[in-house]
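Heavy atoms only: backbone and side chains are in, while hydrogens, waters and symmetry mates are out. Letters go in sequence order (proteins before strands), and every chain restarts at 1.
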Protein chains: 2
Amino acid sequence: MGVLERVGTARAKPAKPAKLATLPLDTIIQEDCVAAMARLPDKSIDMIFADPPYNLQLGGDLFRPEGGRVDAVTDAWDRFDTFEIYDRFTRAWLKEARRILKDDGTIWVIGSYHNIFRVGTQIQDAGFWILNDIIWRKANPMPNFKGTRFTNAHETLIWASKAEKARYTFNYRAMKGLNDDVQMRSDWSLPICSGGERLKDEEGHKTHPTQKPESLLYRVLLAATKPGDVVLDPFFGTGTTGAVARRLGRRWIGIEREDAYVKAARARIAATLPLDESAMAVMPEKRSEPRVAFGLLVESGMVPPGTILTDAKRRWRVRVQVDGSLSGEGSQGSIHKLGAILQGAPSCNGWTFWHAEEMGALVPIDAMRQRHLAGMA
Amino acid sequence: MGVLERVGTARAKPAKPAKLATLPLDTIIQEDCVAAMARLPDKSIDMIFADPPYNLQLGGDLFRPEGGRVDAVTDAWDRFDTFEIYDRFTRAWLKEARRILKDDGTIWVIGSYHNIFRVGTQIQDAGFWILNDIIWRKANPMPNFKGTRFTNAHETLIWASKAEKARYTFNYRAMKGLNDDVQMRSDWSLPICSGGERLKDEEGHKTHPTQKPESLLYRVLLAATKPGDVVLDPFFGTGTTGAVARRLGRRWIGIEREDAYVKAARARIAATLPLDESAMAVMPEKRSEPRVAFGLLVESGMVPPGTILTDAKRRWRVRVQVDGSLSGEGSQGSIHKLGAILQGAPSCNGWTFWHAEEMGALVPIDAMRQRHLAGMA
DNA sequence: TCGGTGCGTGAATCTCGGA
DNA sequence: CTCCGAGATTCACGCACCG
């Protein structure tokens, strides 16, 4: 045990709680997560999925451009006074998680830049062996309303085994099958949880501020567990993990303190039907891969800044700027916008409108995009 | 200051090195990165881009802690020792980085799951304020040959300012321009460095194992610096940062120990030509444009007093007063204030909210401002 | 029934300069 | 330091409603 651990545990040890003789399968334990885990037996869990508080540290209200107010995560359970307190909390639940996990089990933790670096450090310090970090690329994130940063469009998951040599479960073929028969990558494009899947109370307010999409848990459970495996979620919330586990024929245990979340989760899981085994193999998924922006061709050097573009009839001449915008004829804007302005049209497809000279011939910039796409493949 | 800091600094302080009087601009300092940074003056650097090593040679001199090592090397001790050494190294270079960074400067660090969680934690502990974590999604990553994990298809960048309230540079409009006029997200799909861009020695071996693509640095520098800004790269390698900085009209300083890398970087950067200045102009930030008071348009006769303005849906009708204020619907105030009052919103951009009728069409008064600005130029 | 439009909303560390 | 006011700022979906 290292320095960090010794510093963290320099206090009186609580009396050891009595361990449960059997696992409380397919139930929710309504209790603090560390206390509840402390009563589970050693090396009894196949996989842990944890969605701990992110410690967002939000400021005041944030208003949208049209005047609406963002419904932010202001719940008390997400507030920690200092990083040190957050770290102590993380160490405490990770310690129990490690104890109850089977030697060949794995742990998944999801977070954002507010907390994931601290969690990842603690995971490594606790002796876990990181297998992958996974990026959940949100297909439809909330924009950055004030134009102050990049749109925060992803969350990070850490997947780790108990030790470097552990023989963990990874259903390689299933993942490849989910991904059109090419290896599943470490970045997953999935929509956020909305629409009918999002749990709401009688007044239409979301039951939980951070409900995760079932598609995310579907992929996690399908990748790293076998049918019948026991999955523990120590921050159960409204029970996405339990619902998907049930659907996929896995056993589950949830730990959750908040009464409202527990009630919602129980009802939800009761209404979830296990999949027929024949249906479990294939599950359609939404693909939404990134588009190609004109700026990408500029960054990659395919269209150098300073390049002169014209329309097919050479009526207008404009110059490509470093940021991929076009400048000339008294205006500046995107390939689409400037084409529209010059033609006096409401809109314009800049890809087919603008041309570059290549060996004496005018080539639409769309041809370069096709070339770029071919080069990526 | 937390526990981590106290543990890390329990040793004698080295004598303070003499500071350089002027910045060694557009040069490579061939030296250990901490020692070289220690000679740079306080608050002199606009941006730092760091690609620190994580495959540390633990037998080497640099990262070995002085004395007091434990002989009994259990797996746990060995692991912890490794992380502790890496953390100490990270703290050391981050401390110097923070000192030489201007108060409104920013730092970028790139890494993978092996080291990025530790670096991110140290960044937060050092007092930096994380602005975004950015995912470089590799368009063409190396597959996982053994089929034991997900294809490791991304790297993570952390972008941070020196403090929460710092006024850092973010060229929002330029990033939006690069991305077909929609906000740039936190996930960037870019190809890895290969083909002609990849530096190779005479025998065709790659010069540097982890050469970063210029497209990545292009986006980083375009997002977070202005022309003429000073960019420091303390792990310069083969000089991607310097090459792109030169191309984009930024000043650069590189620190690198390895002779082969330094030579390759010098030749590479010398062969890189700066872009023409006319291509360097990015989409201007609205905030930096000269302010035009609405009253100026009234004074100049462009919007005569008495003109009727409405919102886009003609829900409200107000009249322009001689002083440039608006009056109607039972209220009076500036274009912004009255728009906010009528909508019941906390704020409102009157320039885009209010419209005047011109030849049968509703035109936002912002169009008149643009016309006025064009007339001035 | 079908397509078009409009509205609501999502783990958010979300302005800035001058008095 | 605070306070105040100008003015800059949003993307992808799901769903309700309407013609």
Side-chain angles (χ1 to χ4, degrees), chain A residues 51-75 77-80 110-116 136 138-156 189 191-198 200 204-206 208-213 235 237 286 288 291, chain B residues 104 124 128-133 160-161 163-168 170 172-173 176 179-186 285-289 291-295 313 324 333-337 339-340 345-354 365-366 369:
Chain A
D51 182 10
Y54 287 8
N55 187 23
L56 285 185
Q57 304 178 258
L58 301 180
D61 281 341
L62 176 64
F63 290 93
R64 302 162 184 271
E66 85 279 8
R69 196 179 62 86
V70 173
D71 186 10
V73 180
T74 53
D75 307 68
W77 51 253
D78 195 53
R79 283 200 292 273
F80 295 80
I110 184 168
S112 66
Y113 67 85
H114 310 84
N115 72 322
I116 198 65
W136 169 28
K138 300 183 186 182
N140 47 347
M142 193 188 302
N144 181 295
F145 295 116
K146 302 295 187 186
T148 54
R149 305 177 178 191
F150 298 97
T151 306
N152 192 3
H154 72 274
E155 293 189 22
T156 300
S189 279
I192 61 175
C193 181
S194 67
E197 187 187 332
R198 189 83 194 217
K200 308 238 169 76
H205 300 124
K206 53 192 177 193
H208 193 285
T210 70
Q211 185 183 341
K212 297 292 177 288
F235 306 96
K286 223 172 190 173
S288 71
R291 299 165 296 115
Chain B
D104 290 337
Q124 289 181 312
F128 289 101
W129 187 251
I130 298 181
L131 299 168
N132 278 114
D133 61 333
S161 62
E164 181 178 356
K165 302 294 182 193
R167 288 189 296 240
Y168 54 92
F170 177 52
Y172 172 76
R173 306 278 299 196
K176 197 169 169 174
N179 197 37
D180 277 358
D181 269 352
V182 295
Q183 288 190 340
M184 187 70 83
R185 303 166 36 117
S186 57
E285 298 295 321
K286 282 268 179 71
R287 287 189 185 95
S288 64
E289 283 181 351
R291 296 211 166 181
V292 177
F294 182 64
K313 294 177 192 168
S334 72
I335 54 172
H336 311 295
K337 201 165 184 178
S347 65
C348 165
N349 183 345
W351 289 109
T352 51
F353 181 73
W354 294 111
I365 56 178
D366 193 44
R369 175 170 61 162

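- Here B:K165 lies out of heavy-atom contact (under 4.0 Å) with every strand.
- For A:R149 against B:I130, the heavy-atom pair with the smallest separation is NH1-O, 3.7 Å.
- A donor-acceptor pair shorter than 3.5 Å cannot be found between the side chains of A:H205 and A:D71.
- Looking at B:S334, its side chain has no donor and acceptor atom pair within 3.5 Å of the base of D:dA6.
- OP1 or OP2 of D:dA8 lies within a sub-4.0 Å distance of a side-chain N or O belonging to B:R369.
- One finds no side-chain N or O of B:N349 lying less than 4.0 angstrom from the OP1 or OP2 phosphate oxygen of D:dT9.
- With its glycosidic angle more than 90° from 0, D:dT10 is assigned anti.
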| request: Walk me through it: do B:D181 and B:K176 pass the test salt bridge (charged side-chain N to carboxylate O under 4.0 Å, His left out)? | output: CA-CA 5 Å; B:D181 269 352; B:K176 197 169 169 174; over 6 Å; no
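- For the pair B:Q183 (side chain) and A:N144 (backbone), a donor-acceptor distance under 3.5 Å is present.
- Between A:K212 and A:I192, every side-chain heavy-atom pair lies at or beyond the 4.5 Å cut-off.
- Across the protein-nucleic acid pair, B:N179 atom CG and D:dT10 atom P stand 13 Å apart, rounded to whole Å.
- Comparing the P positions of D:dG7 and C:dG10 gives a spacing of 32 Å, expressed to the nearest Å.
- Here the separation of C:dT13 from D:dC4, taken at their P atoms, is 28 Å to the nearest Å.
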| request: Heavy atoms under 4.0 Å is the rule here; annotate nucleotides 5-16 of chain C 5' to 3' with B where the base is hit, S where only the sugar-phosphate is, and - elsewhere. | output: --S-BBBBBBS-
| query | Where does DNA chain C pair, written as one dot-bracket string 5' to 3', with Watson-Crick or G-U pairs under 3.5 Å, ( ) inside the strand, [ ] for crossing pairs and | for another strand? | reply | .|||||||||....|||||
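- By the 4.5 Å heavy-atom criterion applied to side chains, B:Y172 and B:E285 are counted as neighbours.
- Annotation: side chain of B:K286 is in contact with side chain of B:R173 (closest heavy-atom distance under 4.5 Å).
- B:G350 comes within contact range of no nucleotide atom at all, as no heavy-atom separation falls under 4.0 Å.
- Here, C:dC14 and C:dG18 have their P atoms 23 Å apart, quoted to the whole Å.
- A distance of about 26 Å separates the P atoms of C:dA12 and D:dA8, rounded to the whole Å.
- For the side chain to side chain contact (heavy atoms under 4.5 Å, CB included) test with A:P53, the passing option among A:N115, A:V73, A:D78, A:D75 is A:D78; the others fail.
- No contact: A:F63 has no heavy atom under 4.0 Å from any strand.
- Atom pair B:I335:CD1 and D:dG5:C1' shows a separation of 13 Å (rounding to whole Å applied).
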| task | Tell me, with the steps shown, if A:H114 and B:W129 meet ring pair (Phe, Tyr, Trp, His ring centres under 6.0 Å). | result | CA-CA 10 Å; A:H114 310 84; B:W129 187 251; 8.6 Å; no
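- Counting non-hydrogen atoms under 4.0 angstrom, A:T151 reaches nothing in the nucleic acid.
- Put simply, B:H336 has a side-chain N or O that comes within less than 4.0 Å of OP1 or OP2 on D:dG7.
- Looking at A:Y113, A:Y54, A:W136 one by one, the single match for side-chain hydrogen bond (donor to acceptor under 3.5 Å, both in side chains) with A:E155 turns out to be A:Y54.
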